[in-house]
Each structure stands twice: as C-alpha cells, then as structure tokens.
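Right, one structure below, let's go through it.
So you know, we letter chains A, B, ... as the sequences are listed, proteins then strands, and number each from 1.
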Number of protein chains: 2
Amino acid sequence: MKIDPDNKADLSAQIAKAIRDAIVSGDMIVDQRLPSEAELADQFAVSRSTVREALKRLAAQSLIRTQRGAFGGAFVNRLSYEEAYGDQITTATLLLSMNAISFDVACEARYALERACTTLSAERRTADILATMRAEIHRQGQPGLSDESFCASDVAFHRALVDGAGNPVLSYQLAGAVEAMQPLMNMITFTARSREAIVGLHTRIADALEAHAPEAAQEALHELEAYTLHLGQDVMAARNKDRAAG
Amino acid sequence: MKIDPDNKADLSAQIAKAIRDAIVSGDMIVDQRLPSEAELADQFAVSRSTVREALKRLAAQSLIRTQRGAFGGAFVNRLSYEEAYGDQITTATLLLSMNAISFDVACEARYALERACTTLSAERRTADILATMRAEIHRQGQPGLSDESFCASDVAFHRALVDGAGNPVLSYQLAGAVEAMQPLMNMITFTARSREAIVGLHTRIADALEAHAPEAAQEALHELEAYTLHLGQDVMAARNKDRAAG
DNA sequence: GCAAAGAAAATGTCAGACAATTAAATGTAT
DNA sequence: ATACATTTAATTGTCTGACATTTTCTTTGC
C-alpha cells in the first residue's frame, strides 16, 4: 500500500483514499483480506483509531466488510446491485430534495429514462414481470387505498417496467430516477378520477408489453408523462403560492 | 435524536443510521450543526470514539462535513451534483468490473440511456455544448493520439451529448453509465480506420444537434452503437479465448 | 481604534486497556 | 477413531483519558 506525504488533510481520509484507490484500480481483488488494524496502523505509522476511522469510511461505501474474531478482519467487498441500489436511491432522493429540483425537471428525466427501457422491455418482458405489473395495477384500483400506498405501487409498477428490459445496468441506473420521484409524487392528492386515468394508462402499457408492441407502449407512456406533469403542475403551483405567502 | 435498542449491530453503524435517517427525512436541514462529538457521546451513551466512527461513515457519504476549531463541528452537507457524480462513477465502474458485466450489456445500457437524451439534446443544445463536441471530434482525428486518450475524448463527447439535454437529473444519472464504460472501451485497440468511422459518426451527431434534427441524431447514434458493439465483440472474443487458455 | 496575546471550544490524533467474538487447536470421554 | 467440550489466539468493538491543532471570540496593551 502507498504512503501518505505530509499534507495536512485528515489522516483517516488519506488512508481511506489509499485503500480505495487500491480497490478501484484492481490492485486488491474481491474477498481479499486487508491487513489487520494493528498492521495497517504500523504500515501507515498512525494509531489504530485513525485506521479504524478510515475503515469505517470504506465500509460506509460498501467497499469493505469486517468480521470479528480470529481469522476475521476487513475484506474487499463484492459490490452487489442490491447494495448499490440503496445508495443510489438515497443519494438521488437527497439530491432532489436538497437542490430544489422542480417537479418538471425530475419528471422529464424519469420518463426520458423509462422510454429508453420500454422498447427493450416490450421485446424481452418475462411472464414474471407482467404478473408484477398486473398485480400493481390491481392494487391501484382498490378503493380506500391511501395516496401514499398508491404512490408506492406506482413506483413498483415503473420499476417492473424498467426491470423488464432485463439489463441489470439499466435497472441500477434507473432505480434512483424512479424512486427519487416518490417524495415529489407523494405531495399529489390522487382523486378517484385521476387514479382511474393512471390505471387505464398502466393497463395500456402492460397490454402493449404483453403484445410485444413497443410503439403502443411508447405512446401510452408518453400520455402518462403528460398526465403526470399535469397533476404535478397543480401541486407545484399550490406549493409556490404557499412559499410566497409564508 | 432517536435512541438505539439493545440490538447487536455495531454501535457506530446504528448511530450513523439514526443521524442519516434524521437527515434524509428532513428532520435536520442543510447547514444545520450537529451536536458536538462529546454531546453526541452523552446522548447516545457511548464513547467519543464510537461517535467519531459514526460521523466518519456519514462524511464518507458526503452527508456531513466537519470543521475544526471553536464554533466548528459537523454540519449537514448540501449534496451537490459535482460530489454525487464522483461517487456515481466510482460505484458504476466497480459494479461493472466486479460483476463481470459483459461488454454487450454495458453497451446496450449506455446507448439506451443516451438515446433518451438525444431528442432533448437536439432541441436544447447550446452553442457551448456544440463547441465542446466539435473540439473533441477534432482531438479524435489527431494522428498519434493514444488509444487511452481517444477513449477519454470519446467519453467527453458522449457527456456533452448528455449534458446537452440541459437536465441536471439526467446528467447525474447518466454520468455513471457513460464513464463506467471507459475501462471496457480501453481494452479496444482503435485502428486508424475505426477511428475514422467513429469520428464520422460523431460528426453526424453533432451536425444533427446543430440542425435541431432529432431523427438524424438518433440514426447516427444507432449506427454508432452497432459499430461499438462490433468493435467490442472482437475484444471480448479475444479475452474469452485468453481466459479459456489461461 | 487597533493589533497582539490569550482563552475557549471543537475536532484530530494517540496510547493503552478491556470486552466480545470467532475459528482453530487441543484435550477428553465414549 | 470419532464426537464433543475446552482452551487458546487473533481480531474487531468499545471505553477512557490525554494531548495537539485549529479556529473564533475576548481581552489586554498601546
């Protein structure tokens, strides 16, 4: 492992960077064991606490995992899609909420990305994906469903649409865009009529995928985008009025 | 802040989660100061070291920043797109390299996502974006350019295409997909003839964006995808042969 | 009034200790 | 010999207390 020059950044950050670079560059491979904390402290000529802080940084990024006990230690972690999803979603959600992204911009991004999947999804969708979509559509039609549950089901439907493309890289990249919309969608009050409209469009999309008809799916998705934007603009107008008043 | 029940996960992980939840839920807002390490240690009834490890975890996710000195401390960080880009790219790159994603799958994802941007980009591209694209095209035509530099320029061109859509959410989401391809592309040896073909397609894309012609841009992008896939398959075939032999 | 010196508060680092956990090595009884 | 219990060693997790460093505010001296 590399040494640290005498710059004045935090030692634990420097050490974390050195180890991270070794992992990213492929210098350390998956499941390889790092030296013990005591050994690392020796190598870098710092205390064990400092090494531990560096390791916690790496653990927070899922780059390593630790095991206690004899023959335990820190190991290079295989980054799984499941783990990466979670971080993706958290980060995307925070980006939207902290940077005052407008509903329009978020909506545009989400549907642009979903359009990218739809053609592939129409080609490859499995029976499993279709079943998920149908189940969510059914749930969305239930009377007495809360707005929040309706939104959650909406997200599940869209994720199925994305997953239908059968490309894990796409699914990963889009998880953030799809899920980060949920807090914004949650501000919408879904009337019975708007739910009916959405369920109708979802059904058209599912039908199109089932029939392997990409054009029909794109068309329905396009209408859904316009409708979602319409619903969102009402909300944003109300919110802006609130902000101006408060 | 919430308390920790007596479960057996690491205390520092539990504390990090409690603070993270407070930030993500909006319970703590941007630039708000956290209690000092000593106060947190009191509140959670743990030692200062444990609190520090928790804070380092959050710092690794860019959720907080710390300042030394009087009136310093830990503050909730505004997550910027610039910071998030870096993490996105690192994670996407690792996902691809650690999970043996095939060139085909990565390529498909990348171009599907870029297609999603191209229509918007044809509509909105600024003179600035066009200038960047032209400059990269020019660089790509220079004789004596190393394969690695050619790849880097290729990535820059594609990022300009994405940024041209003028949607920061899209730019963020696609940064990973575009950049993570670079290591895979770097394995390709670009002959003079293949460079010429790519430069030609890049020029067609730039021309189409300049003319606000989305269909022409899509067509050129489609050809570029097919060509890239063709180049990549040769490489992957060679690599698989190597692996079988080694 | 202003500059220098000091005080105060906070993070960064260190050293040493002990607790908890885990796998291997060892011992023991059937 | 095998199955089971015990010991042992290695390693991470946590605590305590100390000191160094950095930064801002306050005081002092001119």
Contact class for [X] vs. all strands (heavy atom < 4.0 Å): base, sugar-phosphate, or nothing?
X	value
Arg33(B)	sugar-phosphate
Thr66(B)	sugar-phosphate
Thr50(B)	sugar-phosphate

Without decimals, in angstroms, what is the distance between [X] [atom1] and [N] [atom2]?
X	N	atom1	atom2	result
Glu53(B)	dT14(D)	CD	C1'	8 Å
Asp10(B)	dA20(C)	CG	P	14 Å
Leu55(B)	dT13(C)	CG	P	14 Å
Ile64(B)	dA10(C)	CD1	C1'	14 Å
Glu37(A)	dT14(D)	CD	P	11 Å
Phe75(A)	dA23(C)	CZ	P	10 Å
Lys56(A)	dG12(C)	NZ	P	17 Å
Leu40(A)	dT12(D)	CG	P	8 Å

Looking at Arg139(A) and Asp154(A), does any basic side-chain N land under 4.0 Å from a carboxylate oxygen?
-> no
Looking at dA10(C), dC14(C), dT16(D), which one has an atom nearest to any side-chain atom of Ser47(A)?
-> dC14(C)
Do [X] and [Y] meet the criterion of a side-chain donor-acceptor pair at a distance under 3.5 Å?
X	Y	result
Ser47(A)	Thr50(A)	yes
Thr93(A)	Thr90(A)	no
Thr228(B)	Tyr111(B)	yes

Rounded to the nearest 0.5 Å, how far apart are CD1 of Ile64(B) and CD1 of Ile23(B)?
-> 7.0 Å
Presence of Arg52(A) side-chain N/O under 4.0 Å of dG13(D) phosphate oxygens OP1/OP2 |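 Answer is yes, contact under 4.0 Å.
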Mark yes or no for a side-chain to base donor-acceptor pair under 3.5 Å between Arg68(B) and dT21(D), with no hydrogen or angle criteria applied.
-> yes
Go through the N and O atoms of the side chain of Arg48(A) and the base of dG16(C), and report whether any donor-acceptor pair is under 3.5 Å.
->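 Donor-acceptor pair under 3.5 Å: no.
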Starting at the 5' end of DNA chain D, which residue's closest nucleotide do you reach first, Ser49(A) or Glu39(A)?
-> Glu39(A)
Mapping Gly69(A) and Gly72(B) onto DNA chain C by nearest heavy atom, which one lands closer to the 5' end?
->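 Between the two, 5'-proximity favours Gly72(B).
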